[in-house]
Protein chains: 2
Amino acid sequence: MPQRSTESVDNYLKAILTLGERQPGRVASNALAAHLGVAPASVTNMLQKLAAAAAPFVEYERHRGVLLSPSGRRRALEIVRHHRLIETFLYEVLDYPIEELHEEAERLEHFISERFEERIAAKLGHPTTDPHGHAIPSLEGEMPPRSSMCLTDVSEGTFIVDSISDRDAPTLRSLQANGLTPGTKVRVTRSPSDSYSVRIGRSTTALDLSPEVAREVRILPLTK
Amino acid sequence: MPQRSTESVDNYLKAILTLGERQPGRVASNALAAHLGVAPASVTNMLQKLAAAAAPFVEYERHRGVLLSPSGRRRALEIVRHHRLIETFLYEVLDYPIEELHEEAERLEHFISERFEERIAAKLGHPTTDPHGHAIPSLEGEMPPRSSMCLTDVSEGTFIVDSISDRDAPTLRSLQANGLTPGTKVRVTRSPSDSYSVRIGRSTTALDLSPEVAREVRILPLTK
DNA sequence: AGTTTGATTTAGGTAAACCTAATAAGTAGG
DNA sequence: CCTACTTATTAGGTTTACCTAAATCAAACT
């Protein structure tokens, strides 16, 4: 039996998973602190407690950062699965506006039961991606690897929108309103002012995205 | 703006509401402690903190018990509304077995947003009772008075089942399995062994309920 | 090697919400 | 009126998760 898991612990595990995916290897306490919005000292404290448990969720060494243990990874993926299933459910069944999905899911992900998870998954037909285009980890804790890249990583070309970050509600709202949704085809060019010019589908008008906004969009090469 | 409300505070307010309805007047700390499953000292502590707030949820006086303030009552009814809407939703939309409704609702009632509340209410067509037959408080915090009585309050006669307590899952399961659900007509007689003999509808076989189980069932006079 | 710098950890402290044990306050019975 | 009993409160302590400020470590620079 792994150690007990609170809302706060869940959030640490999720953060370690996310940051560890962004930059493989050990995750630094400072990065965690920034990501979670807490003081670095709080992170050290928590990591020490987590690592000292009988069947720890993390492997931690002073000054060398932290890694998820297999059970920690399983738990983190379970929470991500909850989050994305809930978002999908709110969107599909309860007709939530897309920019309100994240906040509600972020709260509820910690409190739903296995049964709730199972029932909404069944109701939705066991979806594999959420409304933002993010992959939903399977019940067994598998997350299919995705080779998407950031819009800011390319200078120009034609791509398929893979996913859009769910973090920033206003940005999400405007991208959605402009039709920039997962699965749509886009033609990208870098405009003079350092912004990204995006033509959606075969429309003639272009959308101008600032680098900050462009960083929220992930794309796939057009394999046709 | 009323004081901040945590999961624990919510539970205190709900308990004060429930006990205050059962026995009108001030609610004793000891009764609260028993109902909440915490030590009496913890109750005293919490009541003092609650009552000391700027816009308190309760009116409390040493050794004389506690009352809900108008805003406390509003908050308590909001939580009850959440609980009963969630139960209805789990039952109607997610096909939960009836005996699992309470536990899930008890957890989630504290964490859903106004939007979630509004959306499930709409989806369900703004129901006024939950699957156990309990009235759902309105958005404005009104709870229609119901003149139901306990099965144990009568010796015999014909009645309509009003509601069944959601607290004890096994009892609930067996009552449900035997067709004793809100709205059904029952003929009651007191059997020799101090138990309650209940004939459902016009069936000939009777269900024998112990006093403990009978106390979970509320009935209405048959106004025909 | 010595020093600066930035990241990290230790030390000490706060706020909830609970606990137990000891005390005080009301309520009766003699 | 006083003792006994029940009920409620105070006092002091725990755990979780956070904080700030002060130390320490590791890595890079001269």
Side-chain angles (χ1 to χ4, degrees), chain A residues 2-16 19-20 22-23 25-54 56-67 72 75-76 79 106-107 109-111, chain B residues 2-16 19-20 22-23 25-54 56-67 72 75-76 79 106-107 109-111:
Chain A
Q3 65 184 106
R4 109 195 174 80
S5 161
T6 64
E7 184 180 351
S8 172
V9 167
D10 283 350
N11 285 331
Y12 276 87
L13 299 180
K14 246 195 345 174
I16 297 168
L19 296 179
R22 207 173 282 173
Q23 288 281 302
R26 291 181 164 265
V27 175
S29 334
N30 243 11
L32 269 176
H35 190 82
L36 290 167
V38 301
S42 308
V43 172
T44 300
N45 245 288
M46 177 62 93
L47 294 182
Q48 288 175 340
K49 255 186 281 185
L50 288 182
F57 280 144
V58 302
E59 194 264 276
Y60 164 73
E61 230 176 308
R62 287 173 42 126
H63 291 281
R64 329 190 76 260
V66 70
L67 275 180
R75 178 66 185 158
I79 300 297
E106 192 69 10
R107 229 174 324 106
E109 63 185 6
H110 307 291
F111 306 111
Chain B
Q3 64 185 105
R4 110 195 174 82
S5 162
T6 64
E7 184 180 351
S8 174
V9 168
D10 283 349
N11 284 332
Y12 275 87
L13 299 180
K14 244 193 349 169
I16 298 168
L19 296 179
R22 207 173 283 175
Q23 290 279 302
R26 291 181 164 267
V27 175
S29 336
N30 246 11
L32 269 177
H35 190 82
L36 290 167
V38 302
S42 308
V43 172
T44 300
N45 244 290
M46 177 62 92
L47 293 182
Q48 288 175 342
K49 254 186 282 186
L50 287 182
F57 279 144
V58 302
E59 193 263 275
Y60 163 74
E61 229 178 308
R62 281 173 50 119
H63 292 282
R64 329 188 77 262
V66 71
L67 275 181
R75 177 64 185 159
I79 300 297
E106 192 68 11
R107 228 176 321 109
E109 62 185 6
H110 308 290
F111 306 111

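For the numbers below, each heavy atom of this structure counts, side chains included, while hydrogens, waters and symmetry mates do not. A note on names: the letters A, B, ... follow the listed sequences, proteins ahead of strands, and every chain is numbered from 1.
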Rounded distance in Å - [atom1] ([X]) to [atom2] ([N]):
{"X": "Arg26(A)", "N": "dT8(C)", "atom1": "CZ", "atom2": "P", "result": "12 Å"}
{"X": "Leu36(A)", "N": "dT8(C)", "atom1": "CG", "atom2": "P", "result": "14 Å"}
{"X": "Leu47(A)", "N": "dT9(C)", "atom1": "CG", "atom2": "P", "result": "7 Å"}
{"X": "Arg64(B)", "N": "dA24(C)", "atom1": "CZ", "atom2": "P", "result": "21 Å"}
{"X": "Asp10(B)", "N": "dA16(C)", "atom1": "CG", "atom2": "C1'", "result": "14 Å"}
{"X": "Leu50(A)", "N": "dT9(C)", "atom1": "CG", "atom2": "P", "result": "13 Å"}
{"X": "Leu32(B)", "N": "dA17(C)", "atom1": "CG", "atom2": "P", "result": "15 Å"}
{"X": "Glu61(B)", "N": "dG26(C)", "atom1": "CD", "atom2": "P", "result": "11 Å"}

Counting only side-chain heavy atoms from C-beta out, which of [options] sits nearest to [X]?
{"X": "Tyr12(B)", "options": "dC18(D), dA25(C), dC18(C)", "value": "dC18(C)"}
{"X": "Gln48(A)", "options": "dT8(C), dT10(C), dA25(C)", "value": "dT10(C)"}
{"X": "Thr44(A)", "options": "dT8(C), dC18(C), dC19(D)", "value": "dT8(C)"}
{"X": "Lys49(B)", "options": "dC18(D), dA8(D), dA16(C)", "value": "dA16(C)"}
{"X": "His63(B)", "options": "dA17(D), dC19(D), dG26(C)", "value": "dG26(C)"}
{"X": "Ala39(A)", "options": "dC18(C), dT20(D), dT9(D)", "value": "dT20(D)"}
{"X": "Val38(B)", "options": "dT20(D), dT9(D), dC19(C)", "value": "dC19(C)"}
{"X": "Met46(B)", "options": "dC18(D), dA17(C), dC25(D)", "value": "dA17(C)"}
{"X": "Ala41(A)", "options": "dT9(D), dT9(C), dC18(D)", "value": "dT9(C)"}

Verify the contact: side-chain N or O of Ser42(A) to OP1 or OP2 of dA17(D), cut-off strictly under 4.0 Å; return yes or no. no
Are Thr6(A) and dA17(D) close enough that a side-chain N or O sits under 4.0 Å from OP1 or OP2? yes
Starting at the 5' end of DNA chain D, which residue's closest nucleotide do you reach first, Arg62(A) or Asn30(B)? Asn30(B)
Per nearest nucleotide of DNA chain D, the residue lying toward the 5' end, Glu7(A) or Val43(B), is Val43(B)
Any idea which heavy atoms bring [X] and [Y] closest together, and the distance?
{"X": "Ala51(B)", "Y": "Tyr60(B)", "answer": "CB-CB, 3.8 Å"}
{"X": "Gly25(A)", "Y": "Leu67(A)", "answer": "O-CD2, 3.8 Å"}
{"X": "Leu47(A)", "Y": "Val58(A)", "answer": "O-CG2, 4.3 Å"}

Under 4.0 Å, heavy atoms only, any strand: does Ser8(B) hit a base, just the sugar-phosphate, or nothing? sugar-phosphate
At under 4.0 Å between heavy atoms, what does Ser29(A) touch on the DNA or RNA strands: base, sugar-phosphate, or nothing? sugar-phosphate
Could you tell me whether the side chain of His110(B) reaches within less than 4.5 Å of the side chain of Asn11(B), counting heavy atoms only? yes
Close side-chain approach of Ile79(A) to Leu13(A), heavy-atom, < 4.5 Å: no
Should Glu59(A) and Arg26(A) count as an ion pair when the cut-off is N to O under 4.0 Å? yes
